[in-house]
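Computed from a predicted structure; not experimentally measured.
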Amino acid sequence: MQLDLNLLTALDALLEEGSVAGAAARLHVTAPAMSRSLGRIRKATGDQILVRTGRSMVPTTRALAMRAQVHALVQQAHRLMSAQQELDLAALERVFTVRWHDALTAACGTALIAAVHRQAPGVQLRLSAEPGTDTPELRRGEVDLESSSSRPTLPDIRHRLVGRDRLVVAVRPGHPLTEGPLSLERYAAAEHLTVSRRGRLRDQIDDALTTRGNERRVVAAGPTAAFALQLALGTDLVVTLPDAVTRAARDQLGLVTLPLPLPLPDVPLYLLWHQRYDDDRAHNWLREMAAETVQALFAPPTASQRPSSPGPGSDGHAQEGAPGS
């Protein structure tokens with residue numbers, strides 16, 4: 001049986017983009033050429049692959065079942081053919097999917113896109129939001145790089161420590177907690193907001209308070225750090241967040257930063273990827289770019305970066321942490 005392996009690349013693009021036009025743009029071919037490729041794929045597989053629903057196209061059941069395997073085969077072929085070649089960033093054309101915590105994306109996304117585009121203008125970055133539940137996209141090759149506050153437990157997932165952060169308290173200017181030292185009792189007695197993409201109203205801070213005989217009242221849970229900071233600015237709610245990744249956002253909003261009156265260990269920040277990319281030079285370059293961009297957050301702030309907000313603990317030093325899970 002004669003099989004055109006170029007059809008695998010076309011099929012991967014069609015399943016990734018979900019449209020003929022999108023796949024054509026990704027592979028730099030015309031829409032009619034991609035439409036002809038789709039016809040050949042349909043003939044070879046005996047399946048429609050993509051079917052029209054209204055104005056859009058959706059993958060068939062078989063297409064969904066084969067998507068991960070097709071993507072893995074294309075990536076494997078790419079590594080096989082390019083393993084002995086020097087990485088030419090100026091000529092590199094590739095799409096990377098980076099899935100980070102929303103606060104980390106807000107803090108580093110612009111810098112990462114700029115750094116990648118400056119060195120490899122043909123590379124496209126897809127910054128993806130974290131889902132509300134754990135998903136296996138990293139293992140399936142649908143996500144290239146993730147962030148996490150814990151080491152992976154699966155043996156085929158690699159990790160790299162890029163920083164350690166501490167949690168800080170953010171409140172609006174004039175908040176009662178800014179008047180005098182912030183004790184554990186005053187902190188616990190305030191009304192709080194958690195950050196959780198799953199909507200959790202309790203996190204490790206509550207566990208630590210319980211061991212010390214304290215409880216706090218959590219009024220609400222917000223899905224993102226940006227939402228939590230906006231809510232803290234307009235109310236008396238207290239939000240406890242990673243310092244480094246939210247520093248710029250807090251300063252922009254004019255929030256007051258206070259030290260967390262609770263001894264908690266620093267929270268590590270890891271970058272995660274699948275072992276299939278260990279020897280992938282382009283992926284290794286992306287990992288280096290991402291690591292450098294994130295590590296810049298943990299450098300000591302300069303005098304011009306330190307917030308001038310009144311109140312104790314307004315030192316402007318920060319970190320990425322576990323709330324937000």
(request) Determine whether Asp236 and Arg172 make a side-chain contact, defined as any pair of heavy atoms from C-beta on separated by less than 4.5 Å. (result) yes
(request) Decide whether Leu8 and Leu27 are clustered together by the hydrophobic rule: side chain heavy atoms of Ile, Leu, Val, Met, Phe, Trp, Tyr closer than 4.5 Å, transitively. (result) yes
(message) Could you check whether any side-chain N or O of Arg42 sits under 3.5 Å from a backbone N or O of Gln48, counting only pairs where one atom can act as donor and the other as acceptor?
(response) yes
(message) Around atom CZ of Arg202, are there more than 12 heavy atoms from other residues, nucleotides or ligands closer than 6.0 Å?
(response) yes
(request) Report the distance from atom CD of Glu17 to atom CE of Met57, rounding to the nearest 0.5 Å. (result) 13.5 Å
(message) For the residue pair Thr97 / Arg126, report whether a side-chain donor-acceptor contact shorter than 3.5 Å exists.
(response) yes
(request) Could you tell me the separation between the CD1 atom of Ile41 and the CG atom of Leu11, rounded to the nearest 0.5 Å? (result) 4.5 Å
(request) Look only at the side chain of Asp102 and the backbone of Ala225, and say whether a donor-acceptor pair between them is shorter than 3.5 Å. (result) yes
(message) Looking at Thr53 and Ser56, would you say the former's side chain and the latter's main chain have a donor-acceptor pair under 3.5 Å?
(response) no
(request) Could you tell me the separation between the CE atom of Met289 and the SG atom of Cys108, rounded to the nearest 0.5 Å? (result) 13.0 Å
(message) Run Leu241 and Val195 through side chain to side chain contact (heavy atoms under 4.5 Å, CB included) and show every step you take.
(response) CA-CA 8 Å; Leu241 289 166; Val195 181; 3.4 Å; yes
(message) Give me the atom names and distance for the closest heavy-atom approach of Ala170 to Leu229.
(response) CB-CD2, 4.2 Å
(request) Could you check if a side-chain atom of Leu7 sits within less than 4.5 angstrom of a side-chain atom of Thr9, using non-hydrogen atoms only? (result) no
(request) Calculate, to the nearest 0.5 Å, the distance between atoms OG and CG belonging to Ser147 and Leu269 respectively. (result) 6.0 Å
(message) What I'd like to find out is whether the side chain of Arg164 reaches to under 4.5 Å of the side chain of Val267, using heavy atoms alone.
(response) no
(request) Could you tell me whether the side chain of Ser19 and the main chain of Gly22 form a donor-acceptor pair under 3.5 Å? (result) yes
(request) Nearest 0.5 Å please: distance from the CG atom of Leu154 over to the NE2 atom of His274. (result) 8.5 Å
(request) State yes or no: do Phe227 and Val245 share one hydrophobic cluster built from I, L, V, M, F, W and Y residues joined by side-chain heavy-atom distances below 4.5 Å, directly or via other members? (result) no
(request) Can you see which heavy atom on Arg94 is nearest to which on Ala282, and at what distance? (result) NH1-CB, 3.3 Å
(message) Are the side chains of Leu193 and Val238 in contact, using a 4.5 Å heavy-atom criterion?
(response) no
(request) Please test Arg139 against Asp156 for side chain to side chain contact (heavy atoms under 4.5 Å, CB included), starting from the C-alpha separation and ending with a verdict. (result) CA-CA 8 Å; Arg139 301 187 76 188; Asp156 56 340; 3.0 Å; yes
(request) Indicate yes or no: at least one non-hydrogen side-chain atom of Trp285 is less than 4.5 angstrom from one of Leu89. (result) yes
(request) Measure the shortest side-chain to side-chain distance between Tyr187 and Arg216 over non-hydrogen atoms and say whether it is less than 4.5 angstrom. (result) yes
(message) Give me the atom names and distance for the closest heavy-atom approach of Thr293 to Ala111.
(response) CG2-CB, 3.7 Å
(request) Answer with yes or no whether the hydrophobic clustering places Leu87 together with Val123; edges join I, L, V, M, F, W, Y residues whose side-chain heavy atoms lie under 4.5 Å apart. (result) yes
(request) For the residue pair Asn214 and Leu184, establish whether any side-chain heavy-atom pair is separated by less than 4.5 Å. (result) yes
(request) Take His28 and Glu93 through the side chain to side chain contact (heavy atoms under 4.5 Å, CB included) test and state the conclusion after the steps. (result) CA-CA 10 Å; His28 303 285; Glu93 293 185 358; 3.2 Å; yes
(request) Output yes when a side-chain donor or acceptor of Arg197 lies under 3.5 Å from a complementary backbone atom of His101, and no otherwise. (result) no
(message) What I want to check is whether the side chains of Thr194 and Asp203 have a donor and an acceptor closer together than 3.5 Å.
(response) no
(request) Count the heavy atoms belonging to other residues, nucleotides or ligands that lie under 6.0 Å from CZ of Arg40, then report whether that count exceeds 12. (result) no
(request) Measure across Val294 and Phe298 and return the closest heavy-atom pair with its distance rounded to 0.1 Å. (result) O-CD1, 3.4 Å
(message) Check whether His159 reaches the backbone of Ser150 with its side chain - one donor and one acceptor, N or O, closer than 3.5 Å.
(response) no
(message) Quick one, Arg287 with His283, criterion side chain to side chain donor-acceptor pair (under 3.5 Å). Give me CA distance, side-chain angles, the key distance, then yes/no.
(response) CA-CA 6 Å; Arg287 298 197 301 267; His283 196 280; 2.8 Å; yes
(message) With a 3.5 Å distance limit and no angle check, can you tell me whether Arg186 reaches the backbone of Pro176 through a side-chain donor-acceptor pair?
(response) yes
(message) If hydrophobic clusters are built by linking Ile, Leu, Val, Met, Phe, Trp and Tyr wherever their side-chain heavy atoms come under 4.5 Å apart, do Leu237 and Leu233 end up in the same one?
(response) no
(request) Can you spot which of Leu145, Asp144, Val98, Val95 makes a side chain to side chain contact (heavy atoms under 4.5 Å, CB included) with Leu125? (result) Val98
(message) Taking side-chain contact (heavy atoms from CB on, under 4.5 Å) as the definition, give me every residue that meets it alongside Arg160, ordered by chain and number, with sequence neighbours left out.
(response) Val162, Trp273, Glu288, Ala291, Gln295
(request) Check the pair Thr178 / Val171 against side chain to side chain contact (heavy atoms under 4.5 Å, CB included), numbers first and verdict last. (result) CA-CA 8 Å; Thr178 63; Val171 296; 3.8 Å; yes
(message) With a 4.5 Å cut-off on side-chain heavy-atom distances among I, L, V, M, F, W and Y, is there a chain of contacts connecting Leu177 to Val218?
(response) no
(message) Can you tell me how far apart CG (Leu167) and CG (Leu262) are? Round to the nearest 0.5 Å.
(response) 9.0 Å
(request) Can you see which heavy atom on Pro259 is nearest to which on Val169, and at what distance? (result) O-CG2, 4.1 Å
(message) For the backbone of Asp88 and the side chain of Arg281, can you confirm whether one donor and one acceptor N or O come within less than 3.5 Å of each other?
(response) no
(request) Answer yes or no: is there a donor N or O on one side and an acceptor on the other, between the side chain of Thr210 and the main chain of Asp206, under 3.5 Å? (result) yes
(request) Count the heavy atoms belonging to other residues, nucleotides or ligands that lie under 6.0 Å from CD of Glu185, then report whether that count exceeds 12. (result) yes
(request) Heavy atoms only: give me the nearest Leu272-Pro152 pair and the separation to one decimal. (result) CD2-CD, 3.6 Å
(message) For a 4.5 angstrom cut-off between non-hydrogen side-chain atoms, does Pro263 reach Arg212?
(response) yes
